[in-house]
Each structure stands twice: as C-alpha cells, then as structure tokens.
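Some notes on the structure that comes next.
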Amino acid sequence: QVQLVESGGGLVQAGGSLRLSCAASGRTFSTYALGWFRQAPGKERGFVAAINWSGGTTHYADSAKGRFTISRDNAKNTVYLQMNSLIPEDTAVYYCAGRSSVVSSSSLNDYDYWGQGTQVTVSS
C-alpha cells in the first residue's frame with residue numbers, strides 16, 4: 001500500500017510559479033511510477049505529467065509542455081511538479097498518483113494510489 005500527501009498549492013497571479021510536492025510512504029518509493037493529474041470544477045480529472053521509477057523518463061500533457069516540470073527524489077520519497085508561467089486555465093485541484101509499475105503512464109485508470117489533492121488557483 002502507498003500513501004500520498006500533496007502540498008504546495010495556493011493562490012498565485014497569472015505568470016507566476018508554484019512547486020507542488022507529493023510525499024509518499026508505504027511501499028518502496030523507487031518501485032513505482034508517479035503522475036500528476038488535475039481536475040477543474042465541472043470537468044473530468046485529466047493528465048498533467050508522469051515520471052518513471054528512476055526519473056529518467058517523463059511525459060507531459062500538451063497543456064503542460066514547456067511550462068511544467070515533473071521530477072522525483074527517491075532518497076526523499078517525494079515527487080515534485082514545478083509549474084511556471086501559470087495561467088487561469090491551470091486552476092484546478094492537483095492530484096498525485098502512484099502506479100504499481102516502474103513504467104509511467106498518462107492514463108488515469110493505470111494508477112492505483114491517489115493523494116487527497118491540493119488546490120491551485122491562478123488569478124488573472
């Protein structure tokens with residue numbers, strides 16, 4: 001079993017930056033891939049970024065490419081999402097997710113463990 005706890009959300013002006021963190025406990029951290037998803041009011045939860053077990057492979061939603069960076073520190077059992085050049089459309093609850101595989105995925109259904117989410121609000 002894996003427990004995931006997100007932090008780092010908040011209110012930021014358009015053009016600003018935030019770094020989300022997700023601390024994991026339970027199963028050995030380096031044995032599973034991780035992802036970030038987000039859900040805006042009235043919308044389905046959607047893929048943002050994912051990273052494999054080692055951090056050597058990452059992929060991003062088109063909306064995140066060039067602005068967001070996912071990384072992980074296996075020594076600290078933590079995955080990060082650095083978000084730059086934020087726009088109001090990035091406003092959502094951001095969720096960290098863990099997958100019982102070393103290979104990352106952009107599919108929500110491939111993830112087995114979820115955090116409680118952290119709110120990100122970008123004002124115009």
Side-chain angles (χ1 to χ4, degrees):
Q1 190 67 295
V2 173
Q3 293 77 43
L4 301 170
V5 179
E6 303 96 335
S7 61
L11 174 64
V12 63
Q13 287 189 332
S17 298
L18 281 174
R19 188 175 83 155
L20 306 183
S21 299
C22 175
S25 61
R27 179 176 161 183
T28 303
F29 188 69
S30 61
T31 63
Y32 52 94
L34 292 149
W36 285 96
F37 293 78
R38 67 186 184 185
Q39 187 168 18
K43 295 187 177 181
E44 294 186 351
R45 194 172 299 188
F47 172 70
V48 176
I51 190 166
N52 74 334
W53 71 278
S54 67
T57 300
T58 59
H59 51 281
Y60 298 90
D62 287 344
S63 59
K65 287 178 182 176
R67 299 188 301 127
F68 294 2
T69 303
I70 188 171
S71 61
R72 65 188 293 164
D73 186 336
N74 286 351
K76 295 183 178 180
N77 290 358
T78 303
V79 62
Y80 305 97
L81 185 68
Q82 176 68 43
M83 304 187 294
N84 298 328
S85 302
L86 285 161
I87 59 177
E89 290 75 17
D90 294 320
T91 295
V93 177
Y94 283 70
Y95 296 91
C96 173
R99 184 183 186 211
S100 296
S101 168
V102 295
V103 178
S104 56
S105 170
S106 61
S107 174
L108 181 149
N109 293 329
D110 285 341
Y111 287 82
D112 305 291
Y113 312 108
W114 292 86
Q116 82 289 351
T118 186
Q119 177 70 47
V120 171
T121 302
V122 184
S123 64
S124 57

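All values below come from the heavy atoms of this structure, side chains included, with hydrogens, waters and symmetry mates left out.
When all heavy atoms of Phe37 and Ser106 are compared, the closest pair comes out as CE2-O, 3.8 Å. The shortest non-hydrogen separation linking Arg27 to Ser100 is NH1-OG, 3.2 Å. When all heavy atoms of Gln119 and Thr91 are compared, the pair lying nearest together is NE2-CG2, 4.0 Å. A pairwise comparison of heavy atoms in Leu81 and Val48 identifies CD2-CG1, 4.1 Å as the closest pair. Shown here for Thr58 and Ile70, the closest heavy-atom pair between the two residues is CG2-CG2, 3.7 Å.
Rounded to the nearest 0.5 Å, atoms NE2 (His59) and NZ (Lys65) are 10.0 Å apart. For the atom pair Arg99 CZ and Tyr32 OH, the distance stands at 14.5 Å (nearest 0.5 Å). Summarising the geometry, atom CZ belonging to Arg45 is positioned 5.0 Å from atom CH2 belonging to Trp114; distances are rounded to the nearest 0.5 Å. To the nearest 0.5 Å, atom OG of residue Ser104 and atom CG of residue Asp110 are 10.0 Å apart. To the nearest 0.5 Å, the span separating OH on Tyr95 from CG on Leu4 amounts to 13.0 Å. Note: Ser7 OG to Tyr80 OH = 9.0 Å, rounded to the nearest 0.5 Å.
In this structure, Tyr113 is not a member of the same hydrophobic cluster as Leu108, with clusters built from ILVMFWY side-chain heavy atoms closer than 4.5 Å. Phe68 and Leu34 fall within the same hydrophobic cluster, where Ile, Leu, Val, Met, Phe, Trp and Tyr residues are linked whenever their side-chain heavy atoms come under 4.5 Å apart, directly or through other members.
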For a quick test of your reading: what N or O donor-acceptor pairs under 3.5 Å do the side chains of residues 11-25 make, sequence neighbours left out?
unit_1	atom_1	unit_2	atom_2	d
Ser17	OG	Asn84	OD1	2.9
Ser25	OG	Gln3	OE1	3.3

Yes or no on side-chain hydrogen bond (donor to acceptor under 3.5 Å, both in side chains) for Tyr94 and Arg38, after CA distance, side-chain angles and deciding distance? CA-CA 4 Å; Tyr94 283 70; Arg38 67 186 184 185; 2.8 Å; yes
Check step by step if side chain to side chain contact (heavy atoms under 4.5 Å, CB included) holds for Val120 and Met83. CA-CA 10 Å; Val120 171; Met83 304 187 294; 3.9 Å; yes
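Under a 3.5 Å cut-off, the side chain of Tyr111 and the backbone N or O of Ser105 do form a donor-acceptor pair. Not one N or O on the side chain of Asn77 forms a donor-acceptor pair closer than 3.5 Å with the backbone of Phe29. Judged by distance alone, with hydrogens and angles left aside, the side-chain atoms of Gln82 form no donor-acceptor pair with the main-chain N or O of Thr69 at under 3.5 Å. With hydrogens and angles disregarded, no donor-acceptor distance shorter than 3.5 Å links the side chain of Gln39 to the backbone of Ala92. Between the Arg67 side chain and the Ser85 main chain, a donor and an acceptor come within less than 3.5 Å of each other.
Take Tyr60 and apply the ring pair (Phe, Tyr, Trp, His ring centres under 6.0 Å) test, not counting sequence neighbours, and it matches no residue.
The only option from Val103, Thr31, Val102 that meets the side-chain contact (heavy atoms from CB on, under 4.5 Å) definition with Trp53 turns out to be Val102.
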